[in-house]
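Shown next, in structure tokens, is the structure this report addresses.
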Amino acid sequence: MIKVYVPCDTTALSLGADEVAQLLMAEAERLGKTIELIRNGSRGLFWLEPLVEVDAGTGRFAYGPVTPEAVPELVEAGLFDARQTHDLALGDIEQHPYLKQQQRLTFSRIGLTNPLSIEDYRQHGGWQGLEKALQLEAQGIVDEVKNSGLRGRGGAAFPTGIKWQTVLDAPADQKYIVCNADEGDSGTFADRLVMECDPYLLIEGMIIAGLAVGATQGYVYLRSEYPVAHRIFQQALAHAYSTGYLGDNLRGSGRSFDLEVRLGAGAYICGEETSLLESLEGKRGQVRPKPPLPAIEGLFGKPTVVNNVLSLAAVPFILQHGAKAYADCGMGRSRGTLALQLAGNVKQGGLVERAFGLTLRELIEDFGGGTVSGRPLKAVQAGGPLGTYLPASQWETPIDYEAFAELGAVVGHGGVVLFDDSVDLGEQARFAMEFCTIESCGKCTPCRIGSVRGVEVIDRIRAGTQPEQNLELLAELCDTMVDGSLCAMGGMTPFPVQSVMKHFPEDLQPRTSEKSGETTHA
Amino acid sequence: MLPVLHAIQDTCGYVPKTAIGVIAKRLQVTKAEVHGVISFYHHFRTQPPGQQVIQVCRAEACQAVGGRALEDHAQQALNLGYHQTSLTGEFTLEPVYCLGNCACGPSIRIGGRIHGRVTPERFNALIDALQTRPVEVQ
């Protein structure tokens, strides 16, 4: 039978994948062809979405981007026979340089499989990490993760194995595994891809974490802005329960692990781990001072592992192939692979999983292909809304936690947003402060009030009101926020502002009217 | 408390004032605490929304591909500011900070559906498709 694959992730759907699927079914019926329509995950080559693949018995052949309007002519050009004559024909997508040059350890299955099929998951190497973990003592699992060199992929880059060791060593009648799926950074979508395109991977990673530290209950804190991820992951959970991978005596091992999804409610700050725990407990998502660390006193006061989706999703590979296989990738103290996400004004946006050490320029040029607008690239924001804007002079930097830290930049969650030369970075600096006024939890004064003052000061500079004094004031305000905030929200909001002050000072000048040469008032 | 509030909002479209006392009683917390939670999270509304809730992404990745222009267009086309509902009760316009569709922006969400690469023209077409009667587009 002819197999036709149409992706079901948010991006493919946002570009009409459901309509494409319906049209293909209708065309097949019209032509009297029997097809099996499979809603696979996305391969992460977003500029080619919806990316349709057809297997007429001789392997998978791709077409993309397939808009609903393009379906009739593609069918006419022999899509159901996998004929490759049409302009949108891409051949074997796995031979595409964008995919060939990646090292997909965590994302090895996305796009290949039906995300909800446990059978697909098993056939493509799924559950083998769990099998291995079930044969090990708790300490043995923690040692594997420690030896892999895995560091927290949420942004803070804390060694995952050490966090797990702390929870393992903390005596308690109840411990928890909490997955941080509050992926609020603009420019990031890798957590979403795991949950939409390979949900059992996260489930497997969380079960292994539970076995490693002696936790029997897990929660996934998912943002409410991800309705597709919520739907797919809920279905995956139900399947995992009905097939005995979750619940009591999982797969007859005598061990148990329960897992629930909890929806956030549109608060960026809840991606901060202590705020997330407050929110899970049903409170306002205000940050808690540390110590105590969540590993000692976390959810409901019990020892809790709080890990990002990508950290947990890396664990099955580490258990299956051994710590060394993971640690062999990377550079310096940044081991393994990082899921980079190319976004914004980029020609070839999508997911790039590569070992640490790739330079920013290789990422944005070789993979990204420059801007989609065709205009020159001006700045790159790495690490989400709290990350710095990097000028061209810094694009040779290898993507590595320490190399970025040396520049005062952050790798964060791996989001890389491109801006062409039409961007007004003064406006972007203002937005960084404005975003903080909206999303600050209100606990610390430098963050709650400082961000409001930040917007005002930038407005004064741009209006030409004592610009020099106000620039000095802005620099001091930034220092106060960095030094005086409890968490990264207030502590890092100044990063993009400071990077604009340092590298793009011309964009923070009073805006002069082109005609009169006078300053204008915003 | 969040699952309770979500369930109420999913059913009613918002969290009515009358629900606060009931929630407080059943969860054994004060009304002030319930109010505190509702007001902390952007997602929860205390007023009924329009028939269609339209969220426009304001985050950086969308800004890089014309998101700011789309925001202006959406406000003008619907004649609404953020957090406002049209007098006819047809639309509510809300900002959103990232829908995770960052490689194919600008993005908007209408109900449970996310749309990518939304130009002003595409925005108009999407709105037209929703409308039961013509509305003047400025």
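As the structure is a prediction and not an experimental result, all values here were calculated from the model. What you see below is based on every heavy atom in this structure, not just the backbone, and it leaves out hydrogens, waters and symmetry mates. Letters A, B, ... are given to chains in the order of the sequence lines, protein chains preceding strands, and every chain is numbered from 1.
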**Message:** Please determine whether a side-chain nitrogen of the Lys or Arg among B/Arg58 and A/Glu439 lies less than 4.0 Å from a carboxylate oxygen of the Asp or Glu.
**Reply:**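 Salt bridge flag = no for A/Glu439 with B/Arg58.
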**Message:** So that I can tick it off, tell me whether A/Glu49 and B/Arg117 are bridged by a salt bridge, with the cut-off set at under 4.0 angstrom between side-chain N and carboxylate O.
**Reply:**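 Judged by the 4.0 Å cut-off on N to carboxylate O distance, B/Arg117 and A/Glu49 do not form a salt bridge.
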Contacting region of [X] [heavy-atom separation from chain B under 4.5 Å]:
X: A/Glu183; result: neither
X: A/Ile438; result: both
X: A/Gln428; result: both
X: A/Asp9; result: neither
X: A/Gln286; result: both
X: A/Val228; result: neither
X: A/Tyr268; result: neither
X: A/Gln348; result: neither
X: A/Ser224; result: both
X: A/Cys441; result: both
X: A/Leu13; result: backbone
X: A/Arg231; result: neither

Minimum heavy-atom separation for [X] to [Y], with atom names?
X: A/Gly350; Y: B/Ala103; result: N-CB, 4.0 Å
X: B/Ser39; Y: A/Arg284; result: OG-NH1, 3.6 Å
X: B/Leu2; Y: A/Ser279; result: CD2-OG, 3.5 Å
X: B/Asn101; Y: A/Thr11; result: OD1-OG1, 2.6 Å
X: A/Gly187; Y: B/Cys102; result: N-SG, 3.2 Å
X: A/Gly264; Y: B/His6; result: O-NE2, 2.8 Å

**Item:** Contact winner vs chain A - B/Met1, B/Gln55, B/Arg109, heavy-atom pairs under 4.5 Å
**Value:**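 Greatest number of close heavy-atom pairs with chain A: B/Arg109.
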**Complete:** Whatever's closer than 4.5 Å to a heavy atom in chain A on B/Val37 counts as both
Most chain B-contacting option - heavy-atom pairs closer than 4.5 Å, from [options]:
options: A/Pro385, A/Gly285, A/Gly349; result: A/Gly285
options: A/Cys270, A/Ser373, A/Ala343; result: A/Ala343
options: A/Thr188, A/Thr10, A/Leu263; result: A/Leu263
options: A/Gly266, A/Gly344, A/Ala265, A/Ala229; result: A/Ala265
options: A/Ser422, A/Gly282, A/Ala267; result: A/Gly282

Measure the shortest side-chain to side-chain distance between [X] and [Y] over non-hydrogen atoms and say whether it is less than 4.5 angstrom.
X: B/Phe40; Y: A/Glu278; answer: no
X: A/Phe435; Y: B/Tyr97; answer: yes
X: A/Arg262; Y: B/Pro3; answer: yes

**Prompt:** Who in residues 62-72 of chain B is close to chain A, using a strict under-4.5 Å heavy-atom cut-off?
**Reply:**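 If one takes a 4.5 Å heavy-atom cut-off, the residues of residues 62-72 of chain B near chain A are B/Gln63, B/Ala64, B/Val65, B/Arg68.
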**Message:** Can you list the residues of residues 7-28 of chain B that sit under 4.5 Å from chain A, counting heavy atoms only?
**Reply:**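 None at all.
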**Message:** Pair B/Cys98, A/Asp185 - check side-chain contact (heavy atoms from CB on, under 4.5 Å), show working.
**Reply:** CA-CA 7 Å; B/Cys98 198; A/Asp185 284 359; over 6 Å; no
**Message:** Other residues, nucleotides and ligands only: do more than 12 of their heavy atoms fall within 6.0 Å of NZ on A/Lys347?
**Reply:**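 Open.
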**Asked** When you look at NE2 of B/His35, are more than 12 heavy atoms from neighbouring residues, nucleotides or ligands closer to it than 6.0 Å?
**Response**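 Counting neighbours around NE2 of B/His35, 12 or fewer heavy atoms of other residues, nucleotides or ligands fall under 6.0 Å, so no.
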